[in-house]
Peer 1: 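The structure's right below; bear with me while I get my questions together.
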Amino acid sequence: MNTSRSRARTWRTAALAALLTTGAFTGSASASVEGARTETAVGSAGGVTETVVRVKAPLPASFGARPAACDWLSYLRYRSSAGPASSADADRVLVAQPGILEGAGAFDSVARNTVTRAAQQGRHIEFWALDRRSNCLEDHTGTATGDQHTAVDYYYRGKQVGGRTFAGFVGNGRLGWMAGLGIEQTVRDQYDLLAAELPDQRVRKDKVLCGGHSLGGVITGYFAAADFDGNPATTADAGQNQCAGYFALDTTVSTSLADLSGSIPDDTNLPDTGLGYGVVQAGLDSGLFPRTLSAPVLLNPETMTLLAIAGVGAVQDPDGEADLPSYLPQNTNIEATNRFLFSKDTATFLTGSPAVKDFRLTNEAVLGALMDDQSVPLAFLQSSVGFFDGGPVTDKNFPVTNGSSAQPGLFGTEYKAIPAVPHGPLYTWRDYDRVGDADDPGYKSSDGTPFTAAGKEVTDIQELARSMGTQPLDFTEQYFPTKLVTDIQLSTSPQVKRLVVHPDGLTANPTLTVLAGDGLLAGRVPAELHPVVADGYQHLDVLTAAPVQNNGRPEPVSTALTEFARDPR
């Protein structure tokens, strides 16, 4: 085995053990309250201290009735344990907006890697992973128990946890307030949070780097061009003057969705923006149009909760045989998702046989099957976490045939595989840094194409499991505001165009663009941006990749962010 990979694995094991003993996975530490702000300790490991911060920021009365929790903004704060306690005293603060259907927990690995790398160079920086306001609707009670059966019983069978009963997944009729949660309120939330946490505008301008992943790059573009006091002549409040620089992770800093092709599935419930801004907004206000983005398979609150539950199992008992597929309730939503993800061809999808519960899988293999680029069809959900092991595999030719895609698009270009023998061997998971080892079976597609290679595997499945199943703020965003996408799609309408008050703000500060080599912009890299390209990375890998790669070199995304934080010029 490669010795640098072995050392990396030893470091990760020690760090995870430290996190478990500090209560990082349970959020059991005490909170300190300072007026309308709380900061709760999550844990410290590897020289990084993580807390979850909540700041009270009530919505205007015009939004109408909403849960009290939705008048707060939240973020995960990562800082050097040896650094200053006050954010204002840090050498730099990176503030990251998540992508579509993405929450703060998705930034866990890149945040830790960046803070650690900077500390090794003698600099103490912070990384703030933002949660959008709509994440206030999520209930973590079940997953916080750290037990899969308890979580399933809580979310799907009405059983109590600690005297609490799940109120159910929130339907459109209870989401009237989200009809106004578009790009204007989203960038206002970021400004209000920055102003509350770093009251001195000069500190913000000197130390803050603003950026994001996927859609977060577009939100950063609108933030950079915004004016927050209603007077364009006074510019201390302008978005560009809250940041010393911008960073874009598998995206670009812009006010257009053009660079995010394939990030929104065609079967989502987005209204037809060809109707115009006024009609779309009236439909959202009345409830005629859905106020949150979802799709019938995988991308809805009920099924996205399953991702977190799968992460819980992979953390607690990675090599144990999973019973999650058979323990889940059999409803139409879950059945359709399982068929979509685990069918080898159209006939299997239509008949439902063999089903995922017919295969023997470890808990890690279940999570890998849900998230790996050789398994999950949707490109914007893919990460490179290794491959199946323990038994023969076969081509997954549904919903598209292996080798049929020349461009990443919605389904990506990686060949897909699925276990071949139901009721057979126990399928395990070969982690990213064991791909290519001497004992690797080297699985190939039916046309002789290797499914993967060491250079294309970059994310540790245990780090991914921790991010998905144990963070106090979710990896996913169960209730993504429809208006946030329709506003940007209608960017030329007067109601949205007026928000771009300072268009020169997009280029007013230095910008770091980091792209996944096999991500959304693969094959059409904007050379004029002089991007850093992370070879072999998928769209999510820019957030989830391990600190040491299979070539023995440091992880390139956090390396680039660390250098940019040192000197953005």
Peer 1: Taking atom types as modelled, is there a side-chain donor on Q538 or S383 under 3.5 Å from an acceptor on the other?
Peer 2: no
Peer 1: Please, which pairs that meet salt bridge (Lys or Arg N to Asp or Glu O under 4.0 Å) have at least one residue in residues 201-211, sequence neighbours excluded?
Peer 2: D200-R202
Peer 1: Does Y277 reach the main-chain N or O of Q495 with its side chain, forming a donor-acceptor pair under 3.5 Å?
Peer 2: no
Peer 1: Answer with yes or no whether the side chains of Q382 and D518 bring together a donor and an acceptor at under 3.5 Å.
Peer 2: no
Peer 1: Scan side-chain atoms only and decide if Y246 and N509 contain a donor-acceptor pair under the 3.5 Å cut-off.
Peer 2: yes
Peer 1: For the residue pair E477 / S134, report whether a side-chain donor-acceptor contact shorter than 3.5 Å exists.
Peer 2: yes
Peer 1: Have Q374 and K396 got a donor and an acceptor in their side chains that come within less than 3.5 Å?
Peer 2: no
Peer 1: Do we see a donor-acceptor contact under 3.5 Å between the side chains of Y222 and D487?
Peer 2: no
Peer 1: Is a side-chain donor or acceptor of R77 paired with a backbone partner of Y75 at a separation under 3.5 angstrom?
Peer 2: no
Peer 1: So F127 and F107, would you call those rings parallel, tilted or perpendicular, with 30° and 60° as cut-offs?
Peer 2: tilted
Peer 1: Do S74 and R54 pair up side chain to side chain, a donor and an acceptor below 3.5 Å, judged on atom types alone?
Peer 2: yes
Peer 1: Are H213 and E102 close enough that a side-chain donor and a side-chain acceptor fall under 3.5 Å?
Peer 2: yes
Peer 1: For residues T186 and D189, is any side-chain donor paired with an opposing acceptor at under 3.5 Å?
Peer 2: no
